[in-house]
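Below, read A as the first sequence line, B as the second, and so on, with proteins coming before strands; counting in each chain starts at 1.
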Number of protein chains: 2
Amino acid sequence: MLKYQQIANEIEQYIHKQNLKQGDKLPVLEQMMSQYAVSKSTITKALELLERKGIIFQLRGSGIFVRRHNRPGYMSLFSTQGFKSNLGDRILTSDVLDVSVMKPDALVAENLGIDVTDDVYRVERVRYVDGEVLCHEESYYVKAIVPYLNREIVADSIFDYVQSALGVTIGFSDMYLQVGRLTESEAVLLGLEEDDPTLRIETIFHLSNGKPFDYSRITYHYEHSQFVVQANGPYM
Amino acid sequence: MLKYQQIANEIEQYIHKQNLKQGDKLPVLEQMMSQYAVSKSTITKALELLERKGIIFQLRGSGIFVRRHNRPGYMSLFSTQGFKSNLGDRILTSDVLDVSVMKPDALVAENLGIDVTDDVYRVERVRYVDGEVLCHEESYYVKAIVPYLNREIVADSIFDYVQSALGVTIGFSDMYLQVGRLTESEAVLLGLEEDDPTLRIETIFHLSNGKPFDYSRITYHYEHSQFVVQANGPYM
DNA sequence: TTGTTAAATTGTACCGGTACAATTATACTT
DNA sequence: AAGTATAATTGTACCGGTACAATTTAACAA
């Protein structure tokens, strides 16, 4: 692991262990330099990472402060999307409805940048947090990149498997959000009624080399899903 | 303007003018260094900014490539939230329903980190994109930070005014998303029916010194709002 | 042609430095 | 006590460098 990542983790741990709250001040940069015995730019890089994650904010001339939102029930929009799990103490489980190899339809192929004659894995799951229905997920993996999947892998974290077993790294993703109404079949799976409101998120996940490898459609249970997104002004 | 910001802008312009698409390659780092006559770290910083904005991705050993999502109808979730307007060619207008000074209720005061005896500006608007109803917005500004507002300012971009006229800088924001059903009064304003689906976003905007100055509740017209969020893997 | 090895290309991690801007603390005045 | 100038603190911009890892290209062998 890289130094600046390691340091970022340790600082994050420190904040949690000390139970620091919004506005609490962290040690100054120079002290961190000597504490971790690295150069200023390495500390800066670690802090920048934490800033992007919404864990701290820095104020020139003043110091480094803890940033923390105050709504326990909300999940990070990104945590449910395959990235670093940030669900805290909540337990995520899955019912696997389907894992199979197939040919993609035109829409799926287009989103994955492949041909309709190429193979994809289709995975269908219903996911739960602490036993409550969270969402219905239908996702497609490019078989050329993810050559093998089974129900055990899929019941767990697919992304962990892909990264550790296949040695590929996930780079970035495009998420498309839209509110709509449930179809009858979706309603059954989520334990709701037809035409009930829902949040639909389509996501295209890319490897770090820019190639799409996963296209997924998620339909959320509107009563069990609330999300937080922490944004940093100048960058968006 | 800072060098690295300036360079980031110029590169962004270049991408648009050349109409580069996903996967197209940009000049290599070393060439950019000489072209803009700055050091490597300044170019790196500019590129990092563009990477965060979802405009490029970098690939060690290979080059710098354009990243571009391919769904024209979708607005960036952040563009409608006061940050850098990225709506492209679409025109954003507002009906101002209310601009007044008042005392906040307990909930608003809590979200703004102030006392119920402190003054706030209450702003209520209906916003349109290209003439279509986009959302209903109710927002509260800490009067101690934003001492004056009127209907002209509010009809335009409040954030531009706050930053340029008041000389404060916006630092970061926490957004809370939730799907629900419209109340009758909301439905009237949006031209929909009661109990229709809707996306509700509450946002707390902070200055760069960490102080909250704006708490807003937005209710979106579910048929006229679709959002894109571009995420970068390792940072979330 | 196909695969393998070696070399060149190219971005990233990390160092250490100077200058500076924003904030906060201090000393001083009124 | 309250304002005002001054100094100290503290993070950010920018420079220029070395080493290195990932990728691509070129050279080579089977």
Side-chain angles (χ1 to χ4, degrees), chain A residues 1-9 11 23-52 56-67 163 166-172 206-211 232-235, chain B residues 1-9 11 23-52 56-67 163 166-172 206-211 232-235:
Chain A
M1 177 167 289
L2 300 171
K3 277 190 192 178
Y4 77 92
Q5 287 179 342
Q6 181 60 37
I7 292 169
N9 288 343
I11 294 172
D24 285 352
K25 191 173 178 181
L26 293 175
V28 301
L29 219 156
E30 204 145 343
Q31 192 190 316
M32 291 186 179
M33 284 172 63
S34 59
Q35 176 167 348
Y36 296 104
V38 292
S39 79
K40 186 180 341 193
S41 55
T42 303
I43 296 287
T44 302
K45 208 133 195 262
L47 294 173
E48 186 205 304
L49 211 70
L50 293 174
E51 199 165 37
R52 284 205 234 178
I56 63 164
F57 64 95
Q58 301 181 72
L59 197 49
R60 162 151 81 187
S62 183
I64 303 154
F65 302 90
V66 173
R67 173 180 174 196
Q163 300 213 61
L166 303 177
V168 300
T169 55
I170 295 161
F172 54 90
H206 305 254
L207 301 181
S208 55
N209 65 12
K211 291 203 183 84
N232 293 310
Y235 311 112
Chain B
M1 179 169 287
L2 299 170
K3 278 190 191 178
Y4 77 92
Q5 286 179 342
Q6 181 60 38
I7 293 169
N9 288 343
I11 295 171
D24 285 351
K25 191 174 177 181
L26 293 176
V28 301
L29 218 156
E30 205 145 345
Q31 192 191 317
M32 289 187 180
M33 282 173 63
S34 58
Q35 176 168 348
Y36 296 104
V38 293
S39 80
K40 185 178 346 192
S41 54
T42 303
I43 297 287
T44 302
K45 209 134 191 260
L47 294 173
E48 186 204 307
L49 211 70
L50 293 173
E51 200 166 36
R52 283 206 234 176
I56 62 164
F57 63 94
Q58 300 181 72
L59 198 48
R60 162 150 82 187
S62 182
I64 302 154
F65 302 90
V66 173
R67 173 181 174 196
Q163 302 213 60
L166 302 178
V168 301
T169 56
I170 295 162
F172 54 89
H206 305 255
L207 300 181
S208 55
N209 66 12
K211 292 203 184 82
N232 293 311
Y235 311 112

From the options C:dT10, C:dT24, C:dA22, select the nucleotide whose nearest atom is closest to the side chain of A:Arg60. C:dA22
What heavy-atom pair brings B:Ile11 and B:Met32 nearest, and what distance separates the two atoms? CD1-SD, 4.0 Å
C:dA13 OP1/OP2 closer than 4.0 Å to side-chain N/O of A:Lys45: yes
Heavy atoms only, 4.0 Å cut-off, all strands: where does B:Leu59 land among base, sugar-phosphate and nothing? sugar-phosphate
May I ask you to say what A:Ile64 touches in the nucleic acid, namely base, sugar-phosphate or nothing, with a heavy-atom cut-off under 4.0 Å? sugar-phosphate
Looking at [Y], is its backbone amide N or carbonyl O close enough to the side chain of [X] to form a donor-acceptor pair, meaning the two atoms are under 3.5 Å apart?
X	Y	answer
B:Thr42	B:Val38	no
B:Asn232	A:Gly171	no
B:Ser62	B:Leu59	no

Can you list the residues that meet the side-chain hydrogen bond (donor to acceptor under 3.5 Å, both in side chains) rule with B:Gln6, with sequence neighbours excluded? B:Glu10
Grab the CG-C1' distance between B:Leu50 and C:dG11 for me, whole Å please. 15 Å
C:dT12 P sits how many Å from A:Gln5 CD, rounded? 13 Å
Among residues 26-42 of chain B, which contact DNA chain D at a heavy-atom distance under 4.0 Å? B:Val38, B:Ser39, B:Lys40, B:Ser41, B:Thr42
